[in-house]
Amino acid sequence: MSGLLRSMSNDLMISETDLLYLIRSSPYRYKVYKIDKRKGDKKRIIAQPAREVKALQYWVMKNILSRYSLHSAAMAYRQGKSIADNAQVHAKNRFLLKLDFKDFFHSITGVDFKAFMVLHSADKFNPDEIDCLARILFWKKKRDGRLILSIGAPSSPILSNILMYEFDKTMREYCMQKHIRYTRYADDLTFSTNAPSVLDSVVSQVVKICQKLEFPRLRLNHDKTVRASKAGCRRVTGLVLSNDATVSIGRDRKRQLHAAVHHYVCGKLGEEEIASLSGMLAFVRSIDPGFLTALRRHYGRVNVDRLLKNRSESQ
C-alpha cells in the first residue's frame with residue numbers, strides 16, 4: 001500500500017480495503033439538487049458529497065492542499081479576506097471592468113488536477129496516488145464521464161484557487177505593466193484604473209491567457225461583462241464603490257435596513273425576520289461601520305446592539 005493511503009488509513013481509522021473501495025466510489029457518492037440563480041430562469045447544480053467523502057476531502061485539505069500557494073489576487077475562500085477587501089482594492093480608481101467565467105467550478109476537471117500534480121508534485125506522489133486524490137476531490141456526473149469540481153464540496157474552493165494560481169500570476173503581471181489593479185473573487189474578475197481606455201485591451205488579454213494556459217480550460221461569459229466609471233454606479237462583489245474612495249453597502253440596502261430596524265423597534269418583526277436582520281447588521285458592521293453608528297444614533301444603541309447580540313447568541 002502506498003504511503004499516502006497508509007497515512008489516510010491510520011488517521012481516519014479505516015481499513016485499507018474499505019478505504020480503497022470508498023476512494024474508487026467517491027466520485028459517485030454525491031447528492032445532487034438544483035437551486036435558483038440570482039438572475040434569470042437557469043438553475044445552479046449543487047453536488048453535495050456524502051459524509052464519508054467529505055471526511056476524505058477534509059483530510060486532503062489539511063494534509064495536502066494546504067502545501068500549495070495561493071496567489072494574492074485570489075480574494076475568495078481565504079481566511080482574513082472578505083468581499084470588502086476585494087472591493088477596497090478598486091475603490092480609488094475611476095474606471096472599472098468586471099468579467100465572469102462561464103461554469104467556473106464545472107470547467108475545472110480531474111484532468112487539470114492531475115496535470116498540476118504531475119507538474120508540481122511528481123516527486124511526492126506516484127500516478128496511482130494522484131488518481132486516488134482526483135477521485136476524492138472531484139465529482140462524476142452520470143451523463144458525463146469527466147471528473148469535475150462540484151459546487152458543494154468543502155475542498156472545491158481552495159482547490160479552485162490552487163489551480164488558478166498560474167492564471168492569476170500571468171494576469172497580475174500583465175496588469176502591473178498597464179497600471180491596472182486586478183483581483184479575482186471565485187469566477188468574478190475585477191480590473192480598475194485611473195487611465196481612460198486602458199481597460200479596452202483586457203478582455204482580449206484574458207481570452208489569450210485562457211487559451212495559452214494548459215489548465216484549467218476556461219471561457220468568459222461575455223453576457224456578464226460590465227464596464228463602469230465614477231460617472232455611474234460602480235459595484236464590486238455586491239458592494240458599492242463611493243466617489244470618496246470608500247466601500248459601502250449602497251443606498252438601497254441602507255433604506256431597507258432603516259425600515260427593518262424601525263419595524264423591529266415597533267415590535268413588528270417575527271423571529272425569522274429578526275434573525276435575518278441580525279445577520280445583515282453583523283455584515284454591515286464589517287463592511288460599513290459608519291452606517292451602523294448612524295443606526296444606533298437614530299434608533300438607540302440599546303436596540304441595535306440587542307440585534308447584534310442576538311446574532312452572536314444564535315451562532
Side-chain angles (χ1 to χ4, degrees), residues 4 22-34 37 42-50 53-54 56-61 64-71 73-74 76-77 99-122 124-171 184-189 206-222 224:
L4 170 68
L22 176 56
I23 290 173
R24 290 182 183 130
S25 60
S26 284
Y28 307 97
R29 294 173 178 256
Y30 284 75
K31 179 182 179 181
V32 182
Y33 55 95
K34 297 180 180 181
K37 289 189 175 182
K42 293 184 178 180
K43 301 282 187 178
R44 188 182 304 279
I45 300 175
I46 308 296
Q48 192 81 27
V53 177
K54 282 186 179 180
L56 300 183
Q57 291 173 346
Y58 280 120
W59 188 94
V60 174
M61 290 168 62
I64 297 175
L65 298 186
S66 60
R67 304 175 184 177
Y68 299 101
S69 299
L70 309 180
H71 198 276
Y77 319 125
L99 305 177
D100 183 90
F101 282 127
K102 187 173 184 178
D103 297 327
F104 178 61
F105 270 27
H106 292 173
S107 295
I108 299 175
T109 69
V111 173
D112 297 328
F113 172 74
K114 291 179 182 180
F116 172 87
M117 294 298 286
V118 169
L119 183 63
H120 295 282
S121 299
K124 298 181 179 67
F125 304 102
N126 64 46
D128 288 339
E129 290 175 326
I130 292 173
D131 182 70
C132 284
L133 290 172
R135 287 179 170 273
I136 291 169
L137 297 170
F138 289 82
W139 164 53
K140 183 171 284 190
K141 293 174 67 176
K142 291 182 179 179
R143 297 180 182 179
D144 191 338
R146 299 183 307 155
L147 292 172
I148 62 176
L149 208 58
S150 76
I151 303 172
S155 52
S156 291
I158 185 176
L159 186 52
S160 69
N161 277 343
I162 290 170
L163 296 181
M164 287 295 289
Y165 182 89
E166 198 62 33
F167 174 88
D168 290 330
K169 177 185 174 183
T170 307
M171 195 75 254
R184 180 180 59 81
Y185 201 92
D187 57 349
D188 293 325
L189 314 180
V206 172
V207 171
K208 187 183 298 184
I209 292 173
C210 288
Q211 292 173 343
K212 182 180 179 180
L213 292 178
E214 181 182 354
F215 58 82
R217 306 300 293 179
L218 300 171
R219 295 176 299 154
L220 287 176
N221 184 347
H222 292 284
K224 291 189 176 181

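Index from 1, following the sequence.
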**Report entry** Nearest heavy atoms of G152 and I46, plus distance in Å
**Finding:** CA-CG2, 4.3 Å
Report task. List in chain and number order the residues that pass side-chain contact (heavy atoms from CB on, under 4.5 Å) with P27, two or more places apart in sequence or in another chain; answer none if no residue qualifies. Result -> R135, K140, L147
Requested in this report: Measure the CG-CD distance between L137 and Q57 for me, rounded to the nearest 0.5 Å.
Outcome: 6.0 Å
Requested in this report: State which residues pass side-chain hydrogen bond (donor to acceptor under 3.5 Å, both in side chains) with Y185; sequence neighbours excluded, sorted by chain then number.
Outcome: none
Query raised in the report: Is the closest side-chain heavy-atom distance between Y77 and L70 below 4.5 Å?
Result: no
**Report entry** Residues that V207 engages under side-chain contact (heavy atoms from CB on, under 4.5 Å), provided they are two or more places apart
**Finding:** Q211, L220
Requested in this report: Mind jotting down which residue pairs meet the side chain to side chain donor-acceptor pair (under 3.5 Å) criterion with at least one end in residues 145-156? Sequence neighbours excluded, please.
Outcome: D144-R146
Query raised in the report: Picking from N161, L133, V60, what satisfies side chain to side chain contact (heavy atoms under 4.5 Å, CB included) with L65?
Result: V60
Report task. Output, in order, the C-alpha distance, side-chain angles, deciding distance and verdict of side-chain contact (heavy atoms from CB on, under 4.5 Å) for L22 and R29. Result -> CA-CA 9 Å; L22 176 56; R29 294 173 178 256; 3.6 Å; yes
Query - Verdict with reasoning, F138 to L159, per side-chain contact (heavy atoms from CB on, under 4.5 Å) - result: CA-CA 10 Å; F138 289 82; L159 186 52; 3.7 Å; yes
Report task. Taking side-chain hydrogen bond (donor to acceptor under 3.5 Å, both in side chains) as the test, write out the residues that go with T109, two or more places apart. Result -> D112
Report task. Calculate, to the nearest 0.5 Å, the distance between atoms CD1 and CE belonging to I64 and M117 respectively. Result -> 6.5 Å
Report task. Report the C-alpha distance between Y33 and Q48 in whole Å, list the side-chain angles of each, state the deciding distance to 0.1 Å, and finish with yes or no for side-chain contact (heavy atoms from CB on, under 4.5 Å). Result -> CA-CA 8 Å; Y33 55 95; Q48 192 81 27; 3.7 Å; yes
Query raised in the report: Hey, are the side chains of W139 and P49 touching, using non-hydrogen atoms and a 4.5 Å cut-off?
Result: no
Query raised in the report: CG/L218 to CD1/I209 distance, rounded to the nearest 0.5 angstrom?
Result: 11.5 Å
Report task. Test side-chain contact (heavy atoms from CB on, under 4.5 Å) on K124 and R67 and set out the steps. Result -> CA-CA 12 Å; K124 298 181 179 67; R67 304 175 184 177; 3.9 Å; yes
Query raised in the report: Which residues pass the ring pair (Phe, Tyr, Trp, His ring centres under 6.0 Å) test with Y68, sequence neighbours left out?
Result: F116
Query - side-chain hydrogen bond (donor to acceptor under 3.5 Å, both in side chains) partners for E129, two or more places apart - result: S2
Query raised in the report: How many angstroms lie between atom CD1 of I162 and atom CG of D168, to the nearest 0.5 angstrom?
Result: 12.0 Å
Query raised in the report: Residues two or more places apart in sequence or in another chain: which of them pass side-chain hydrogen bond (donor to acceptor under 3.5 Å, both in side chains) with D187?
Result: none
Query raised in the report: Taking only residues two or more places apart in sequence, or in another chain, which ones meet E166 in a side-chain contact (heavy atoms from CB on, under 4.5 Å)?
Result: K169, T170, L213
Query raised in the report: Shortest non-hydrogen contact from Y30 to I136?
Result: OH-O, 4.1 Å
Could you pull out all donor-acceptor pairs under 3.5 Å where a side-chain atom in residues 101-108 meets a protein atom, sequence neighbours excluded?
{"unit_1": "S107", "atom_1": "OG", "unit_2": "K102", "atom_2": "O", "d": "3.4"}
{"unit_1": "S107", "atom_1": "OG", "unit_2": "D103", "atom_2": "O", "d": "2.7"}

Report summary line: Rounding to 0.5 Å, atoms CG (D131) and CZ (F113) come to a distance of 10.0 Å
Requested in this report: Sorted by first residue and then second, give each salt bridge (charged side-chain N to carboxylate O under 4.0 Å, His left out) pair with at least one member in residues 206-222; sequence neighbours left out.
Outcome: none
Query raised in the report: With sequence neighbours excluded, what pairs up with K34 under the side-chain contact (heavy atoms from CB on, under 4.5 Å) test?
Result: K43, I45
